[in-house]
Amino acid sequence: MKSFLTALTCVLVFAHAEAQNYDESKVPAYTLPQILKTEDGKAVKNRKAWEETRRPEILRLFENNVYGQLPQTYDSISYAVTEASKTAMDGRATLKEVVIKVFKNKKPVTINLTLFVPKQAKNPVAAFVLINNRGKDNTDPARKTKSEFWPAEMVIDSGYAIAAFHVSDLAPDDKDNFMTGVLQLYPEQLTTDNGMRAIGAWAWGASRVMDYFETDKDIDSKKVTVVGHSRGGKASLWAAAQDERFAMCVTNCSGNTGAALARRQFGERISRINTTFPHWFSNNYKKFMDQENQLPVDQHMLIALIAPRPIYATNASKDLWADPTGTFLALKAAEQTYGLYNLKSNLPTKPPGINEPIYKSIIAYHNREGEHDMTLFDWGNFVKFANYHFKK
Ligand code: GTR
């Protein structure tokens, strides 16, 4: 019986995957919701109208229809910092192991942060923090295992601090257990259709790490870049959109409900993501399965929420599932918001070639050759992007 069900599931998933479109000529005609028009139809012509009216409206729309609320009140937060090594990476870095504990209604959640700070740089230093959605061995504090997914040595040698925490501390990435982390502090979220789910929980965790950075004298908390890959990249976007303390955002191969436009219906679609990962987004998001055009937002508006801060989105050439063209078009459609701050992106009008990063730009983009992953090529460009914007 079990194997029959497994076989049936495989057939259904396969049938669904087959229905995905990878043919540009089959992208339907669509009209994106306007970023710079308020819900009562007024044109948003300046920063004031954007910040006071339209930005909060769009934030609410994403909360209510996509990611769910992000509760920000808690009873206490504490940080236990262990300087695990002053001579990490052959003396080039200090390793700190930070245990962040947050309490609400006597329930705790614990976030374990691994942080390397370069010795050479003048403190405080700018930092990258990764929302790690892959194996913990990718961010090995002992550096016995080294991974391109988090190339800590390269980042340290470039003069930046680098940190990581694992998504499972906030919400295990599993539909039956995702509620055993931070959602225990906010159980009411589980009973509302616009309640926080796993992606929101991970973004919430990034903000608690930012709370910590504000207390660490080695870190320049005004220069923190939140980084995420794929599902982690959806969370890094949502974290940066919500929490303006993040100076920059990197979203790597984030695709559907990340940086790619939903209305193109190319690669992964809302129906598929909600079916495979029912624990990622709010209940309300399920209303938009096969109804992309009914969404009051599209992902260009999430990018707009990050303005005027720099944003870097990437894709990989063989990762059509994450829709490289749809990502580029979302970035282009967000440019108008940066225009309100007199900031002009240097993105070309058409997607750049493969392995042609555009990082000297307030809105940055590249499409790396290869598979769905985050590599040394990607990180090397994130560092150049940070160098450019932090004017090193
Ligand atoms: C896929 C999912 C994508 C992306 C990816 C990942 O299965 O469809 O949205 O999140 O996983 O996280 O690597």
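Side chains are part of it too, since the values below use all heavy atoms of this structure and drop only hydrogens, waters and symmetry mates. One-based numbering, in listed order, for ligands and for the atoms of each. Index from 1, following the sequence.
Every side chain to side chain contact (heavy atoms under 4.5 Å, CB included) that L376 has, sequence neighbours left out, goes to E148, P151, M154.
The local environment of CD in Q72 is crowded, with over 12 non-hydrogen atoms from other residues, nucleotides or ligands closer than 6.0 Å.
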Could you check ligand 1 for N or O atoms lying under 3.5 Å from protein N or O atoms and list the pairs with distances?
residue	atom	partner	partner atom	Å
ligand 1	8 (O)	E268	OE1	3.0
ligand 1	8 (O)	E268	OE2	2.6
ligand 1	8 (O)	W321	NE1	2.9
ligand 1	9 (O)	K234	NZ	2.9
ligand 1	9 (O)	E268	OE1	2.5
ligand 1	10 (O)	S230	OG	3.1
ligand 1	10 (O)	R231	N	3.3
ligand 1	11 (O)	R231	NH2	2.9
ligand 1	12 (O)	S230	OG	2.8
ligand 1	12 (O)	R231	N	3.1
ligand 1	12 (O)	R231	NE	2.5
ligand 1	12 (O)	R231	NH2	3.3
ligand 1	13 (O)	S230	OG	2.9
ligand 1	13 (O)	H372	NE2	2.9

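Salt-bridge formation is not detected for the pair R60/E39: no Lys NZ or Arg NE/NH1/NH2 atom is positioned less than 4.0 Å from an Asp or Glu carboxylate oxygen.
A distance below 6.0 Å separates the ring centres of Y312 and F382.
Taking the centre and axis of the six-membered ring of F149, the NZ or CZ atom of R134 falls inside the cone set by 45° and 6.0 Å.
A side-chain donor-acceptor contact under 3.5 Å links W150 to the backbone of A163.
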